[in-house]
There are 2 protein chains.
Amino acid sequence: MATKEPKTYTFTEMKDRYIGKVGTKERDEYEYELKMEVLGRMIKAARQERHLTQEELGRLIGVQKAQISKLENSANSASIDTIIKVFKALKAEINFNVRLENNFVKLT
Amino acid sequence: MATKEPKTYTFTEMKDRYIGKVGTKERDEYEYELKMEVLGRMIKAARQERHLTQEELGRLIGVQKAQISKLENSANSASIDTIIKVFKALKAEINFNVRLENNFVKLT
DNA sequence: AATTATGTTTCTATATTTGGAAACTTTATT
DNA sequence: AATAAAGTTTCCAAATATAGAAACATAATT
């Protein structure tokens, strides 16, 4: 007879179990914080790719270097204004996609 | 000899002339406001596509219906929190794309 | 036309972000 | 190791977003 395999778990199963299922407050907060954290890391990576210091980027778009630091480290939230300005200065793109029926409406 | 053609102007030429060239404060503000306005319209379209009232959408994500109205009409700015929540509730997508050298880093 | 539902605006109060500046910590340079 | 540069954190003040609720305006229904 076949050997009994130890059960393995997917990452999703683990999150469901240890954080909470999708739709619960805990899971939603986790997903949100993760998204913000990745966003911060992306901004940092892009800034460094452009060889800019936080101070230079801040001066470029008119925000304090402290704000850039906080944004990159998800120390607090941010206004959409600041995000858009940062992406513009870094020549990066934000796409807002809305799927309507089978069509896409896209704002770049 | 050939008839002298009346000069025609592109949209970009018109914007350069009557608003200001890219990089000037006036032009940047114009581009930003346009982007915010389109964003608001997209959110409204998506919400209606989902057959939700502003009040329902607000309740869904935990913000006042007045905020939804203001957001849709660009009456004020918004926090990235609210934007992300709205897009999530509308099952829409925000993509933050950063082009690094020839690669893309993408956050959906 | 009257009534209801939905969307917009306004008020005050509270929460959050950002500015401005400085202190402090970490990392890089010499 | 000493110094400089870059990044982080903290203070208070100012600006802005949001809550909560109500008034008001517009659109939809009956």
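We name chains A, B, ... by the order of the sequence lines, and we start the count at 1 in each one.
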Engineer: Side chain of A:Val63 only, heavy atoms from C-beta on: which candidate in C:dT8, C:dT18, C:dT10 is closest?
Structural biologist: C:dT18

Engineer: Mind checking A:Gly62 for me? I need base, sugar-phosphate or nothing, with any heavy atom below 4.0 Å counting as a touch.
Structural biologist: sugar-phosphate

Engineer: Think A:Thr53 has a side-chain N or O under 4.0 angstrom from the OP1 or OP2 of D:dA5?
Structural biologist: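 So the side chain of A:Thr53 is outside the cut-off, no N or O lying under 4.0 Å from OP1 or OP2 of D:dA5.
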
Engineer: Between A:Gln67 and C:dT18, is there a side-chain N or O to OP1/OP2 distance below 4.0 Å?
Structural biologist: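 Checking C:dT18 against A:Gln67, a side-chain N or O does come within under 4.0 Å of OP1 or OP2.
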
Engineer: Given atom NZ of B:Lys65 and atom C1' of C:dT6, what is their separation to the nearest angstrom?
Structural biologist: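 Going from NZ in B:Lys65 over to C1' in C:dT6 covers 7 Å.
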
Engineer: Reckon B:Ser79 has a side-chain N or O less than 4.0 Å from the OP1 or OP2 of D:dT18?
Structural biologist: yes

Engineer: Hey, which sits more toward the 5' end of DNA chain C by its nearest nucleotide, B:Lys70 or B:Glu56?
Structural biologist: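 The answer here is B:Glu56.
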
Engineer: Closer than 4.0 angstrom, basic N to acidic O: yes or no for B:Glu72 and B:Arg47?
Structural biologist: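 Counted as a salt bridge, because a side-chain N and a carboxylate O are separated by less than 4.0 Å.
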
Engineer: How close or far is atom C1' of C:dT6 from atom NE2 of B:His51, stated in whole angstroms?
Structural biologist: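 Spelled out: NE2 on B:His51 to C1' on C:dT6 is 16 Å.
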
Engineer: Report the distance from atom CD1 of B:Ile80 to atom P of C:dA15, rounded to the nearest whole Å.
Structural biologist: 23 Å

Engineer: Any idea which of D:dT18, D:dT9, C:dT8 is nearest the B:Ala78 side chain?
Structural biologist: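 Comparing D:dT18, D:dT9, C:dT8 against the side chain of B:Ala78, the answer is D:dT18.
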
Engineer: Rounding to an integer number of Å, can you tell me how far A:Ile83 CD1 sits from C:dT17 C1'?
Structural biologist: 12 Å

Engineer: Looking at B:Asn73, does any N or O in its side chain come under 4.0 Å of the phosphate oxygens OP1/OP2 on C:dT8?
Structural biologist: yes

Engineer: B:Leu71 CG to D:dA19 C1': how many Å, rounded?
Structural biologist: 16 Å

Engineer: Taking NZ from B:Lys85 and P from C:dT16, how many angstroms apart are they, rounded to a whole number?
Structural biologist: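 It works out to 10 Å between those atoms.
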
Engineer: Please state how far atom CD1 in B:Ile68 lies from atom P in C:dA5, giving the value in whole angstrom units.
Structural biologist: 21 Å

Engineer: Measure from the side-chain N and O atoms of A:Glu37 to the backbone N and O of A:Leu34, and report whether any donor-acceptor pair falls under 3.5 Å.
Structural biologist: no

Engineer: From the list C:dA21, C:dT8, D:dT18, which nucleotide is the closest neighbour of the side chain of A:Gln64?
Structural biologist: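 Shortest atom-to-atom distance from the side chain points to C:dA21.
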
Engineer: Please tell me which of the listed nucleotides, C:dT17, D:dT18, D:dG7, lies nearest to the side chain of A:Asn76?
Structural biologist: C:dT17

Engineer: Base, sugar-phosphate, or nothing: which does B:Ala66 touch, judged by heavy atoms less than 4.0 Å apart?
Structural biologist: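 Counting heavy atoms under 4.0 Å across all strands, the contact made by B:Ala66 includes a base.
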
Engineer: So, B:Arg27 and B:Glu31, do they make that salt bridge, N to O below 4.0 Å?
Structural biologist: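 A salt bridge is present here (some side-chain N lies under 4.0 Å from a carboxylate O).
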
Engineer: Run the salt-bridge test on A:Asp28 and B:Lys85 with the 4.0 Å N-O cut-off and return the result as yes or no.
Structural biologist: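 Answer for the salt bridge query: no.
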
Engineer: What integer distance in Å separates B:Ile61:CD1 from D:dA17:P?
Structural biologist: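 Rounded to whole Å, this separation is 16 Å.
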
Engineer: Below the 4.0 Å mark, does C:dG7 have OP1 or OP2 next to a side-chain nitrogen or oxygen of B:Arg47?
Structural biologist: yes

Engineer: Tell me, please, whether B:Tyr9 has B:Lys7 positioned over its six-membered ring: NZ or CZ under 6.0 Å from the ring centre and within 45 degrees of its axis?
Structural biologist: yes

